[in-house]
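The residues of the chain are indexed from 1 along the displayed sequence.
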Amino acid sequence: MIDNPDFTGLDSVFVSPVVQVKIPNSGGSAEFKYQVPVYQDVNGFQQVIDWRALATVVWVF
């Protein structure tokens, strides 16, 4: 199958509300982020992102 580079590339802008929870008396925290695109521009026909959720746990020693 030959790849068609005319259908590559994505420019997007997201709104990303975040909730961060810090664990008291420790170096731990958790972050939950929900991202919604407010602008997307693609070349040709492509799949785009409707929304995405990200979770992060961080521990600093």
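- Using a 4.5 Å cut-off between side-chain heavy atoms of Ile, Leu, Val, Met, Phe, Trp and Tyr, V15 falls into a hydrophobic cluster with V13, V38, Y39.
- Expressed to the nearest 0.5 Å, how far CD of Q40 lies from CG of D11 amounts to 10.0 Å.
- Atoms NZ and CZ, from K33 and F14 in turn, are 11.0 Å apart once rounded to the nearest 0.5 Å.
- Counting heavy atoms from C-beta outward, Q20 and S29 have side chains that approach closer than 4.5 Å.
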Enumerate, atom names and distances included, each donor-acceptor pair closer than 3.5 Å involving a side-chain atom of residues 45-61, sequence neighbours excluded.
| residue | atom | partner | partner atom | Å |
| --- | --- | --- | --- | --- |
| Q46 | NE2 | F7 | O | 3.4 |
| Q46 | NE2 | G9 | O | 2.9 |
| Q46 | NE2 | N43 | O | 3.1 |
| R52 | NE | Q35 | OE1 | 2.4 |
| R52 | NH2 | Q35 | OE1 | 3.2 |

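- Other members of a hydrophobic cluster containing V18 are absent, since no ILVMFWY side chain comes under 4.5 Å of it, directly or through relayed contacts.
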